[in-house]
Novice: 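Quick one: the structure is below, and I'll ask about it shortly.
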Amino acid sequence: MLSENEIKILEFLKRKGEAHVQEISESTGLPVSTVYSNIRLLESKGIVKIVSEESKKTFQLTAEGTLRLENGLPEDRLISILNGKEMSIKELKDLMGKDFDLALGWARRKSLIVLENDLVRPKVAQYASPELIGLREVSVGKVPSKETLDILIKRKLVEVKEEKTMLVRLVQDVKPRPVELYLTHEMLVSGSWKSVDFKPYNVEANPPFFPLGKGHYFREFIEKVKDLLVSLGFTEVSGNFVETEFFNFDMLFQPQDHPAREIHDSFVVEGQGRLPDPNLVVNVREVHEKWWKYSWSEDNAKRLVLRSQTTSVTARVLSTKPKKIRSFTIGKVFRPDAIDATHLIEFHQLDGLVVEDGYSFRDLLSTLRDIFQGLGIKQIKFKPGYFPFTEPSVEVYGFIEALGWVEMAGAGLLRREVTEPAGVFSPAGAWGIGIDRLAMLFLGVKDIRDLYSLDIEYLRSRRVI
Ligand SMILES: N[C@@H](Cc1ccccc1)C(=O)O
């Protein structure tokens, strides 16, 4: 049985009797490599004979060779610049640029010059190197003398290409039966299937790999979390990475000498931010000075940081004086740290806020239960915790099969010292969840850095969730 390609080749050979592989390739449109492999097959079937096989060397200018052919070889240029007179190395360097070292090297090797201190003195007034003549020959398809050719190749001005050719002759006249890819109803009805061959299929061969476009798996996870919060009645809000200390700390009742505000605990950004509504600023100042007992500085509050918690977005929402709201934000936060498999200097938090008349601590715990249940964590427990901006505060632990109880979030009712200066007089619940940790648990990622991987092979191996 003959393949389609074999038949094409045979049809050509039938007309010509004998042909070179290159000719066959040109007239059949098959790549040379395909022609070769098919000729080998046809030879093994005794249909064609390989008359001769030879390899032909051809020579071609390299990119540098082409350049030198146009502008002359460096040593030729050096001699022509010297023009029979001596010149200083510095002067020549300025004239010739980076070619000078090359020119000097070759001119010395060829004893075209002598060096005296920093003077270059030519021994010849004119010079045309045999290489240049060689380059010219190669460029018009001539082969220079072996000596010149060797130098040209060594100087990487010329490269050798080896082209194989094969002369093939048709020795057996076969009437190829047409090859069909599949059996059709018409072929069965007409009986024509008897006079054709069918292409055999290898049902075990791997299909070609077509990678599908898909989202980054960590992004997809974040999208899923967002969908969940929206389904629980929350509205997404967002803030900027660069934030004033006012919103990142002061409004959240973190005093200006709080350790988190030390220079090594948040990333400081050059410049100064703008403070919001003066009433709010005055209120925040008052509450800090009254309870923390220090003199609050506006300049400190204007300092810029990369937000260290998405609770800063919650603070911004509060500054709009909501009477009733359920909002959440999810995004990157930044904290200096030593990077390892479980720590990065940027990671994601999900912060939520509920402002509602009559919203109680119990309601908050139940909201958290709903969120974690939605995320697939059935068992959670609460431990008392401390945050400067909530009271009471809890730490939320979730139960994970292989790991036991894992800390997942901080939460609490916002203190009146936070809500009232902003003009919010209803109870407010807030929480912050570390998203990277959660994603690692869900996605079975051992190294946090893999969540941010850009390695295409790794990303392809991740399942779409
Ligand atoms: N922002 C806190 C978490 C938190 C948010 C909201 C309320 C209570 C706690 C943290 O980063 O640790």
Side-chain angles (χ1 to χ4, degrees), residues 222 225-254 260 266 273-288 301-302 304-334 348-361 363-368 370-371 387-394 396 409-435:
I222 290 174
V225 176
K226 285 187 187 181
D227 288 347
L228 168 71
L229 276 129
V230 169
S231 77
L232 291 173
F234 287 84
T235 305
E236 188 181 356
V237 291
S238 66
N240 293 330
F241 292 164
V242 176
E243 185 53 283
T244 51
E245 286 203 14
F246 184 82
F247 283 110
N248 196 70
F249 296 121
D250 292 286
M251 244 199 95
L252 294 166
F253 203 45
Q254 276 178 255
S266 29
R274 248 176 295 138
L275 292 181
D277 173 12
N279 286 331
L280 176 57
V281 178
V282 168
N283 294 347
V284 167
R285 169 198 291 278
E286 270 174 13
V287 83
H288 273 245
K302 279 186 191 160
L304 295 170
V305 288
L306 290 182
R307 67 182 187 199
S308 65
Q309 50 188 354
T310 39
T311 322
S312 56
V313 182
T314 297
R316 281 204 178 258
V317 174
L318 287 174
S319 74
T320 66
K321 301 192 179 90
K323 293 222 155 33
K324 184 173 155 65
I325 199 169
R326 282 179 173 240
S327 69
F328 77 97
T329 187
I330 188 164
K332 267 191 185 171
V333 299
F334 308 84
H348 288 75
Q349 282 188 338
L350 160 68
D351 261 80
L353 170 70
V354 178
V355 177
E356 249 164 53
D357 270 341
Y359 194 74
S360 68
F361 190 59
D363 293 329
L364 173 67
L365 301 189
S366 133
T367 304
L368 290 164
D370 287 347
I371 293 173
F387 302 99
F389 36 93
T390 49
E391 182 58 35
S393 307
V394 285
V396 188
L413 289 184
L414 287 176
R415 303 182 74 108
R416 289 161 76 173
E417 290 83 352
V418 174
T419 48
E420 285 180 4
V424 172
F425 296 97
S426 303
W431 66 87
I433 303 178
I435 287 301

Novice: Rounded to the nearest 0.5 Å, what's the gap from CZ on Phe253 to CZ on Arg415? Could you check?
Specialist: 5.5 Å
Novice: Scan the side chains in residues 387-394 for donor-acceptor partners under 3.5 Å anywhere in the protein, sequence neighbours excluded, and list what turns up.
Specialist:
unit_1: Thr390; atom_1: OG1; unit_2: Ser393; atom_2: OG; d: 2.7
unit_1: Ser393; atom_1: OG; unit_2: Thr390; atom_2: O; d: 2.9

Novice: Locate the shortest heavy-atom distance separating Ala301 from Thr244; write the atom from each residue and the value.
Specialist: O-CB, 3.7 Å
Novice: Mind checking side chain to side chain contact (heavy atoms under 4.5 Å, CB included) for Lys321 and listing every partner two or more places apart, or none if nothing turns up?
Specialist: Asp277
Novice: Between atom CZ of Phe328 and atom CD of Gln349, what is the distance when rounded to the nearest 0.5 Å?
Specialist: 14.5 Å
Novice: Tell me the closest heavy-atom pair linking Pro276 and Val281, and the distance in Å.
Specialist: O-CG2, 3.5 Å
Novice: Compare every heavy atom of Gln254 with every heavy atom of Ala260, then report the nearest pair and how far apart it is.
Specialist: CB-NE2, 3.9 Å
Novice: May I have the step-by-step check of side-chain hydrogen bond (donor to acceptor under 3.5 Å, both in side chains) for Thr329 and Asp351, ending in yes or no?
Specialist: CA-CA 5 Å; Thr329 187; Asp351 261 80; over 6 Å; no
Novice: Does one side chain, of Asp363 or Ser360, offer a donor that lies under 3.5 Å from an acceptor on the other?
Specialist: yes
Novice: For Glu236 and Ile330, what are the C-alpha separation, side-chain angles and deciding distance, and is it a side chain to side chain contact (heavy atoms under 4.5 Å, CB included)?
Specialist: CA-CA 8 Å; Glu236 188 181 356; Ile330 188 164; 4.2 Å; yes
Novice: Consider side chain to side chain contact (heavy atoms under 4.5 Å, CB included). Of Glu243, Arg307, His348, which one does Val333 pass it with?
Specialist: Arg307
Novice: Do Asp250 and Glu245 touch side chain to side chain, with heavy atoms closer than 4.5 Å?
Specialist: yes
Novice: Mark yes when over 12 heavy atoms from residues, nucleotides or ligands other than Asn240 sit less than 6.0 Å from its CG; otherwise mark no.
Specialist: no
Novice: If you round to the nearest 0.5 Å, how far is OG of Ser266 from CD of Gln309?
Specialist: 9.5 Å
Novice: Taking CZ in Arg416 as the centre, count heavy atoms belonging to other residues, nucleotides or ligands within less than 6.0 Å. Is the count above 12?
Specialist: no
Novice: What are the two closest heavy atoms between Val355 and Pro322, and how far apart are they?
Specialist: CG1-O, 3.8 Å
Novice: Quick one: closest heavy-atom pair of Leu364 and Tyr359, and the distance?
Specialist: CA-OH, 3.2 Å
Novice: In Å and rounded to the nearest 0.5 Å, what is the CG to CZ distance from Leu232 to Arg326?
Specialist: 8.0 Å
Novice: Give the C-alpha distance, both sets of side-chain angles, the deciding distance and a yes or no for side chain to side chain contact (heavy atoms under 4.5 Å, CB included) between Leu306 and Val242.
Specialist: CA-CA 5 Å; Leu306 290 182; Val242 176; 3.9 Å; yes
Novice: Output, in order, the C-alpha distance, side-chain angles, deciding distance and verdict of side chain to side chain contact (heavy atoms under 4.5 Å, CB included) for Leu353 and Leu414.
Specialist: CA-CA 9 Å; Leu353 170 70; Leu414 287 176; 3.8 Å; yes
Novice: Under the side chain to side chain contact (heavy atoms under 4.5 Å, CB included) criterion, do Thr314 and Thr310 qualify, and how do the steps go?
Specialist: CA-CA 7 Å; Thr314 297; Thr310 39; over 6 Å; no
Novice: How far does OG of Ser327 sit from CG of Leu229, to the nearest 0.5 angstrom?
Specialist: 10.0 Å
Novice: Closest approach of Pro421 and Val287, non-hydrogen atoms and distance?
Specialist: CG-CG1, 4.1 Å
Novice: Supply the atom-to-atom distance His288 NE2 to Met251 CE, rounded to the nearest 0.5 angstrom.
Specialist: 9.5 Å
